[in-house]
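In what follows, a structure is listed as structure tokens, so that the remarks can point back to it.
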2 protein chains.
Amino acid sequence: MARASSPQNIERVVTEAQDRFIAVWGKMGGAWGISRTMAEVHALLMITAEPLCTDDVMDRLQISRGNASMSLRALLDWGIVYRAHKRGDRKEYFEAERDVWTMFTTIARERKKREIEPVVASLYEIRDMTGRTIDASGADAAAKAKLEHHNERLDTLLRFIHAVEKMAEALTAIESAEVTSTIDTLSAGHKD
Amino acid sequence: MARASSPQNIERVVTEAQDRFIAVWGKMGGAWGISRTMAEVHALLMITAEPLCTDDVMDRLQISRGNASMSLRALLDWGIVYRAHKRGDRKEYFEAERDVWTMFTTIARERKKREIEPVVASLYEIRDMTGRTIDASGADAAAKAKLEHHNERLDTLLRFIHAVEKMAEALTAIESAEVTSTIDTLSAGHKD
DNA sequence: GGGCATTTTCAGAACTTCCTGAAATATTTG
DNA sequence: CAAATATTTCAGGAAGTTCTGAAAATGCCC
């Protein structure tokens, strides 16, 4: 690796690699529900050794103060970025969660709470609209069949969601150190 | 459940429940990367007993022909909606995948292919920018530390992603009927 | 191959989301 | 508590996405 031999060159290459990492992570965040910039800020904090302050983030990503402030706040809300402080410095600094598995399970739990749970609640409500037990005595056969099909569909879906929730619970309960052995268990449990 | 006793009433309630289901599913699709309408079309096909044609979808969801066509095509691409035909009818009809677990694993595999794999490829490229082995002999300590930190971070992330990929592989290999027993295995394997 | 039914495409309109920058608010320090 | 510094908020504008509707393309039947 002669390429990275002079100090300036190393700095340059690392910075370039960081920039590309930030771009890739940002694009991915966009594909998921997170805004591109928020994901970029997260990437920057992940890849940087030192905690950064708002101005560092603004300068490095070329974004406005408002945007930086909002994005950092949102990341704090998600629980994957922490506040940090430097002695004799009044500014707030920020650093990303260092353990990748913890980061992952935190995001998963947060998304479940924000996106899955309200949907499941609505689905139960919708299921209740058409009754737990069917009294369609006066109805014609076509209407009855429709009703039964509808309920069967929703029940299947709800059973499935319930199963996936239990699966997700079991998975996110795993500790960072146990990940590898769990994969072995899973793969072994399914030898076709 | 006296509410649902006359034929007209049953039809009305089922239709209303369908509408609410479509709305909920559509909103959820929006929160994930899928467009709201595409998710609504999917919901409609899931909840309806009969296969539907483009005009049925347009009428029921009040969307344009173009939109309906695009959404149906995209759902076919994703592999969670199939073409169907009716004898003596030239129109194309569409129906959703009936097994929920199959639908789920199909979506998971598709997202992996479209969104995860390109990201992973980029990450490997980025990792290669800063070398497999470090030759920073001429560099000062600070630059060296930065480089090492950067590489360590990327390596950790890549190892993690690799682990999750294996996990996802093992999970999506499970057949519909085996889901329940897998959950038991997972939960049992983790009694704190 | 002409006529008819159906599907696809796509330019621009409508809508949504995101970002900026400056003003308002909060916090620390002398 | 006033000045200095740091942070948050938000109206308006920029950027991005989704949808429409009509025109083009495709496929089918006699």
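Letters go in sequence order (proteins before strands), and every chain restarts at 1. This is a predicted model, so every value here is computed, not measured.
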Rounded to whole angstrom units, what separation is found between the [atom1] atom of [X] and the [atom2] atom of [N]?
X: B:His85; N: C:dT7; atom1: NE2; atom2: P; value: 9 Å
X: B:Asp59; N: D:dT20; atom1: CG; atom2: P; value: 13 Å
X: B:Gln62; N: D:dG21; atom1: CD; atom2: C1'; value: 15 Å
X: A:Arg36; N: C:dT16; atom1: CZ; atom2: P; value: 21 Å
X: A:Asp56; N: D:dA6; atom1: CG; atom2: P; value: 12 Å
X: B:Ile34; N: D:dT18; atom1: CD1; atom2: P; value: 11 Å
X: B:Lys86; N: D:dC28; atom1: NZ; atom2: P; value: 19 Å
X: A:Asp55; N: D:dT5; atom1: CG; atom2: P; value: 13 Å

>> I want to verify a distance call: between C:dT7, D:dA6, C:dT6, whose nearest atom is closest to the B:Asp89 side chain?
In response: C:dT6
>> Nearest to the A:Ser35 side chain among C:dT7, C:dC18, D:dC19, which nucleotide is it?
In response: C:dC18
> Is the backbone N or O of A:Ser181 less than 3.5 Å from a side-chain atom of A:Thr185, with the two atoms forming a donor-acceptor pair by type?
Replying inline: yes
Over all atoms of both residues, closest heavy-atom pair of [X] and [Y]:
X: A:Ile126; Y: B:Ala17; answer: CG2-O, 3.6 Å
X: B:Arg111; Y: B:Gly33; answer: NH1-N, 4.1 Å
X: B:Arg109; Y: B:Thr172; answer: NH1-O, 3.5 Å

>> Please give me every residue in residues 63-82 of chain B whose heavy atoms get under 4.0 Å of an atom in DNA chain C, ordered by residue number.
In response: B:Arg65, B:Gly66, B:Ser69, B:Met70, B:Arg73
> Can you find a side-chain donor-acceptor pair between B:Glu110 and B:Thr106 that sits under 3.5 Å?
Replying inline: no
>> Tell me if the side-chain of A:Arg90 makes a donor-acceptor pair with the base of D:dT5, cut-off 3.5 Å, by modelled atom types.
In response: yes
> Name the one of B:Asp55, B:Thr48, B:Thr15, B:Asp19 that satisfies side chain to side chain donor-acceptor pair (under 3.5 Å) with B:Arg60?
Replying inline: B:Asp19
>> If we check side-chain contact (heavy atoms from CB on, under 4.5 Å) with B:Met58, which of these qualifies: B:Asp56, B:Leu61, B:Thr54?
In response: B:Thr54
